[in-house]
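The structure appears below as structure tokens.
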Amino acid sequence: MTQRFALKQHNTIVGRRDPKRGYTPDIDLSTLDTKMTVSRQHARIRFEEALFSIEDLKSRNKTRLNELALAPLQTERLQDGDIIHFGSVRLKFEVVG
């Protein structure tokens with residue numbers, strides 16, 4: 001079964017929930033992250049002027065775009081079909097419509 005995550009705002013935080021602190025990111029990968037490799041606030045995806053970008057938010061297990069490990073807080077452009085790794089969670093970025 002394919003699971004989809006919709007980007008519903010211009011700045012979207014991807015990560016894992018923290019029930020002790022009552023924190024839930026915009027896109028919660030907790031159910032996909034059985035090894036707990038995704039940071040609470042792992043990465044940010046932005047949508048500005050018809051372009052998508054991604055930045056790692058100083059995650060412990062890195063964010064990778066295709067095979068490129070992102071430098072913390074450095075923005076990289078996202079394109080339809082890119083593969084994003086949040087720790088050990090692998091997702092495909094698709095632009096619908």
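Source: prediction; values computed, not measured. Numbering of residues begins at 1 and proceeds along the displayed sequence.
Annotation: salt bridge (charged side-chain N to carboxylate O under 4.0 Å, His left out) contacts involving residues 68-88, sequence neighbours excluded, are absent. Judged as a ring-ring contact (aromatic ring centres under 6.0 Å, His included), not a single pair has a partner in residues 13-38 (not counting sequence neighbours). Residue pairs that meet the salt bridge (charged side-chain N to carboxylate O under 4.0 Å, His left out) test with at least one member in residues 46-56, sequence neighbours left out, are Arg44-Glu55, Arg46-Glu55.
Asp28 meets the salt bridge (charged side-chain N to carboxylate O under 4.0 Å, His left out) test with Arg17; sequence neighbours excluded.
Scanning both residues, Lys92 and Gly81, for their nearest heavy atoms gives CE-CA, 4.0 Å.
Residues His42 and Arg60 are not in side-chain contact: their nearest non-hydrogen atoms beyond the backbone lie 4.5 Å or more apart.
The hydrophobic cluster containing Ile83, built from Ile/Leu/Val/Met/Phe/Trp/Tyr side-chain heavy atoms closer than 4.5 Å, comprises no other residue. Leu91 belongs to a hydrophobic cluster whose other members, connected by ILVMFWY side-chain contacts under 4.5 Å either directly or through intermediates, are Phe5, Leu7, Val14, Ile27, Leu29, Leu32, Val38, Ile45, Phe47, Phe52, Ile54, Leu65, Leu68, Leu70, Leu78, Ile84, Phe86, Val89, Phe93, Val95.
Summarising the geometry, atom CG belonging to Asn61 is positioned 8.5 Å from atom CG belonging to Asp33; distances are rounded to the nearest 0.5 Å. Remark: Ser88 OG to Arg64 CZ distance equals 9.0 Å, nearest 0.5 Å. The NZ atom of Lys62 sits 11.0 Å away from the OG atom of Ser39 when rounded to the nearest 0.5 Å.
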